[in-house]
Amino acid sequence: MPRFTFGAWVEDAVDWLQSHLTWIFDAVKTVLGGMYDGVDAVLGGGEPLLIAAIFAVLAFWLRGIVPAVLTLVGFALIDSLALWDDAMATLSLVIVAAVITVVIAVPLGIWAARNRKVSATLRPVLDVMQTMPAFVYLIPGVMFFGVGVIPGVIATIVFAMPPGVRMTELGIRQVDSELVEAAEAFGTTPKHTLTRVQLPLALPTIMAGINQVIMLALSMVVIGGMAGAGGLGEKVYAAITQLQVGLAAESGIAVVILAMYLDRMTGALNERVSPLGRRAAAKAAAGARRLRFTHYKPGTAVAMTGVVVLALVAGGLNIAGSSSDSSKGSQAAAGDVGKGQKINMGYIPWDEGIASTFLWKEILEQRGFSPDVTQLDAGPLYSGVARGDIDFQTDAWLPTTHKDYWDKYSDQLEDYGSWYGPTSLELTVPSYVEGIDSLEDLKGQGKKFNGKIIGIEASAGMMGTLKDKVLKEYGLEGEYTVVSSSTSSMLAELNASIKKKEPVVVTLWSPHWAYGAHDLKKLDDPKGAWGEGEDVHVVAHKGFAEKSPVVADWLKNFELTEKQLTGLENKIQEAGQGKEQDGVRAWLKENPDVVDKAAPLPAGGQDGEPQQGKDAGKTVNMGYFPWDEAIASTYLWQNMLEDRGYKTTVKQLDPGPLYTGLAQGQLDVQFDSWLPTTHKDYWNRYKDDLTDLGSWYGPTSLELTVPSYVKGIDSLEDLKGQGKKFNGKIIGIESSAGMMGILNDKVLKEYGLEGEYKVVSSSTSSMLAELDRSIKKKEPVVVTLWSPHWAYGAHDLKKLDDPKGAWGEGEQIHTVAKKDFAQDFPELTGWLKDFKLSEEELASLEVELQKGGAGKEKESARHWMDAHPDVVEKLTPVG
């Protein structure tokens with residue numbers, strides 16, 4: 001028989017639909033997306049335990065006290081596993097899909113029950129819908145609606161509809177025909193026969209069908225996760241592809257809890273809506289002799305009152321939380337270029353893809369963007385980028401591995417260039433496998449490896465190259481079977497074989513962290529079957545440069561060396577599953593220049609052409625931690641030095657890394673050393689490798705501060721016995737700050753405040769946000785603060801007196817540089833030794849930076865300089 005091919009017809013039909021009916025798909029996407037967002041906002045927007053309590057009240061109403069308690073415990077467990085948002089996203093998807101399915105399925109079932117031709121027509125359609133592999137539904141879903149929730153909803157509706165239609169039809173057909181005839185004999189219209197006889201009697205069967213619809217919808221969550229539907233499905237999918245057993249178990253338990261709750265509640269709902277069900281429940285409750293209270297179920301009015309009260313409380317807390325978040329958002333981080341712009345990134349779970357994606361997530365967050373990350377297979381990822389659902393991805397292996405995807409979608413994509421390369425593809429064996437050093441050596445050795453080559457995702461281009469070229473070139477066809485799995489499964493098989501000292505051959509590529517973790521041999525490829533090495537590219541959708549030109553420019557200039565990439569991958573491996581961004585942050589601490597190099601901030605303009613300094617052209621590397629006087633003085637000096645022809649770099653660091661960087665010569669100077677107390681430990685540790693260029697401001701003071709409306713609290717002594725007024729909290733700053741040590745070790749002890757107050761370590765910006773939020777609500781709050789600080793000008797505050805002198809004497813703010821700074825920058829050394837700012841000058845400079853806002857510190861400092869035209873000549877005299 002000649003091969004019958006209809007795949008091309010399907011492709012043509014899909015292309016025609018995409019070209020001519022896009023408006024329909026967009027409309028469906030908008031409607032379904034709106035429904036999902038609305039349900040998710042309700043379920044995911046409230047306090048988790050309050051929402052769990054609402055679920056428990058519903059369980060109490062439907063099934064009784066014991067199921068209610070178990071419901072509360074189950075949902076509390078989901079919250080404790082940090083999977084609440086994912087669970088609510090999944091529940092939202094199931095609810096939307098189930099509601100739409102029921103709305104369509106029940107009328108179809110009724111129509112089929114009353115018309116045999118309709119029934120005969122629907123039966124084969126339902127057979128196809130029910131038996132077609134569920135993964136297939138994702139393909140048109142992704143092509144027509146893009147990656148995200150909508151393909152998951154569509155696939156779920158199609159997959160879950162058959163039992164709803166079949167059970168509705170079955171229930172109506174099972175109604176005793178004599179009852180129907182009796183109703184008709186008494187003159188009942190067909191409409192009333194349906195609504196008053198058939199539907200009430202068929203209701204138990206219909207409800208069983210609805211129960212199956214919901215269960216099948218929930219079973220689709222993992223498949224939906226493959227298309228970027230999010231929720232627990234994405235967690236389970238990530239666990240499967242990355243072989244994260246712990247995450248799989250936790251996510252699986254959450255899915256089980258949702259499934260059990262939905263199953264039991266929909267099953268019990270029949271008792272509430274069906275006369276037969278209510279009669280059976282009443283009979284069971286009347287017959288109970290022991291623990292009769294466990295059979296008690298509140299009335300509908302009582303249960304709904306409880307739900308409404310809890311919903312109102314949850315809504316109120318949500319509004320309060322939104323207000324708090326808004327307050328905190330006012331204190332944006334330095335470098336806020338993005339202003340909260342949403343950036344969607346996708347990645348394939350390959351190590352360099354994970355590493356580069358989460359690196360850019362961290363960089364974009366530091367620059368004020370709001371990035372979102374989704375794990376996808378290669379096919380949905382490229383489709384999502386082409387459609388614009390995903391803005392960019394950083395792991396396009398070209399020209400070979402991802403050639404098919406590039407050829408298919410290249411008209412809708414933009415290649416921003418290679419950030420790493422060349423790479424190499426290879427087959428690899430452990431070093432203890434003797435006599436196998438080349439691909440040629442594999443021939444005739446199939447039994448040693450059980451005839452298997454352990455591969456990765458079947459969609460990967462290297463798998464096609466292996467099967468179509470490498471095996472043929474070396475005569476390995478028939479002797480070896482290439483086992484398609486996933487990258488994580490391949491690595492797990494490699495690890496298990498090495499532990500047992502068993503022969504194994506796997507697909508691998510360079511660079512890869514596995515070469516550092518194991519003693520492996522890359523098999524030589526003397527015939528060049530693998531082809532030339534590839535480059536790893538950043539690929540974005542057409543139009544992304546218009547959406548975010550700054551990010552597009554950053555991506556086009558992005559590069560990592562092999563040492564940087566392997567170091568980043570290893571840090572992520574060390575951080576463990578679910579903590580990829582923690583690994584990135586740990587790596588960035590060791591590579592502090594990466595963010596500024598990858599995403600440079602826009603430079604401020606120059607005002608005139610001041611005279612060049614003697615050392616013009618030299619680069620001064622400055623560091624600061626985010627204290628206001630440090631930000632102000634650093635950006636002031638950046639402007640002045642650039643006016644004098646110097647080049648500058650500015651890095652924000654915590655005090656520890658900052659002092660370490662100065663001591664090691666990686667940084668040249670910083671302007672915010674509080675001596676002799678706050679930074680005493682750092683100075684004592686590194687003073688042999690540092691240079692103190694003197695004080696430019698002082699004396700300072702450290703203090704605890706309260707708003708002026710807090711009556712009766714004027715001194716540190718007044719805090720004793722008043723802990724409840726402040727919820728037992730003193731809002732602090734960075735735990736590494738010296739004043740935090742003084743507060744914990746001296747101030748609390750001196751005034752007997754230990755045990756009554758807990759010092760909350762946060763950050764300077766978080767402390768200020770809490771102060772601002774409390775003042776807006778006129779709530780008592782006590783915070784750590786220091787003088788000078790702009791907050792005293794922005795709010796009416798009281799510095800608490802320190803009659804016992806526990807805070808110690810006031811300090812001086814010093815300029816501290818690396819050891820050989822004077823030799824490298826003789827002119828600048830002289831300027832810095834004479835550098836002084838008065839309290840009025842510093843305060844006005846800080847106020848100007850506050851007015852300019854985050855991300856515009858350099859421009860704001862320039863505005864202040866414009867208002868003080870003599871400052872450059874005064875602080876940096878030339879001649």
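Predicted model, so just to flag it, every value in this text is computed and none were measured. Quick note: numbers below take in every heavy atom, side chains included, and nothing from hydrogens, waters or symmetry partners.
Put simply, the side chain of Asn344 never gets that close to the backbone of Asp372: no donor and acceptor are under 3.5 Å apart. In this structure, Tyr261 contributes its side chain and Phe55 its backbone to a donor-acceptor pair below 3.5 Å. With hydrogens and angles disregarded, no donor-acceptor distance shorter than 3.5 Å links the side chain of Ser383 to the backbone of Gly379.
Ring planes of Phe392 and Phe544: tilted class, angle from 30 to 60°.
Scanning all heavy atoms of the two residues, the minimum distance from Phe60 to Ile65 falls at CD1-N, 3.6 Å. Nearest heavy atoms, Ala98 versus Val213: CA-CG1, 4.3 Å. Here the shortest heavy-atom pairing between Ala87 and Leu258 reads O-CD1, 3.7 Å. When all heavy atoms of Ala183 and Thr193 are compared, the pair lying nearest together is CB-OG1, 4.3 Å. Between Ile390 and His541, the shortest heavy-atom distance links the atoms O-CD2, 3.4 Å. Pairing each heavy atom of Ala105 with each of Gly164, the nearest pair is CB-C, 3.8 Å.
For residues 173-202, every residue pair satisfying the salt bridge (charged side-chain N to carboxylate O under 4.0 Å, His left out) rule, not counting sequence neighbours, is listed here: Glu169-Arg173.
Between Thr487 and Ile348 the shortest side-chain heavy-atom distance does not fall below 4.5 Å. Taking 4.5 Å as the limit, every side-chain heavy atom of Val539 sits out of range of all side-chain heavy atoms of Tyr409. Side-chain atoms of Leu216 and Ser219, non-hydrogen and from C-beta on, do get closer than 4.5 Å to each other.
Among residues two or more places apart in sequence or in another chain, the salt bridge (Lys or Arg N to Asp or Glu O under 4.0 Å) test is passed with Lys342 by none. Scored by the salt bridge (Lys or Arg N to Asp or Glu O under 4.0 Å) test, Asp395 finds no partners at all (sequence neighbours excluded).
Taking CD1 of Ile214 as the start and CE of Met265 as the end, the distance is 11.5 Å to the nearest 0.5 Å. Considering CD1 of Ile157 and CD1 of Ile104, their distance stands at 6.0 Å, rounded to 0.5 Å. Of the inter-residue distances, the one linking Thr188 atom OG1 with Leu194 atom CG reads 12.0 Å to the nearest 0.5 angstrom. Rounding to the nearest 0.5 Å gives a distance of 8.5 Å between CD1 of Ile150 and CG of Leu93.
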*Step by step, work out the side-chain contact (heavy atoms from CB on, under 4.5 Å) result for Phe159 and Met129.*
CA-CA 6 Å; Phe159 184 70; Met129 293 170 65; over 6 Å; no
*asked:* What verdict does the side-chain contact (heavy atoms from CB on, under 4.5 Å) test give for Val255 and Thr90, after you've listed the backbone C-alpha separation in whole Å, the side-chain angles of each residue and the deciding distance to 0.1 Å?
replied: CA-CA 9 Å; Val255 173; Thr90 294; 5.9 Å; no
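Looking at Ser119 and Arg123, their side chains do bring a donor and an acceptor atom within 3.5 Å of each other.
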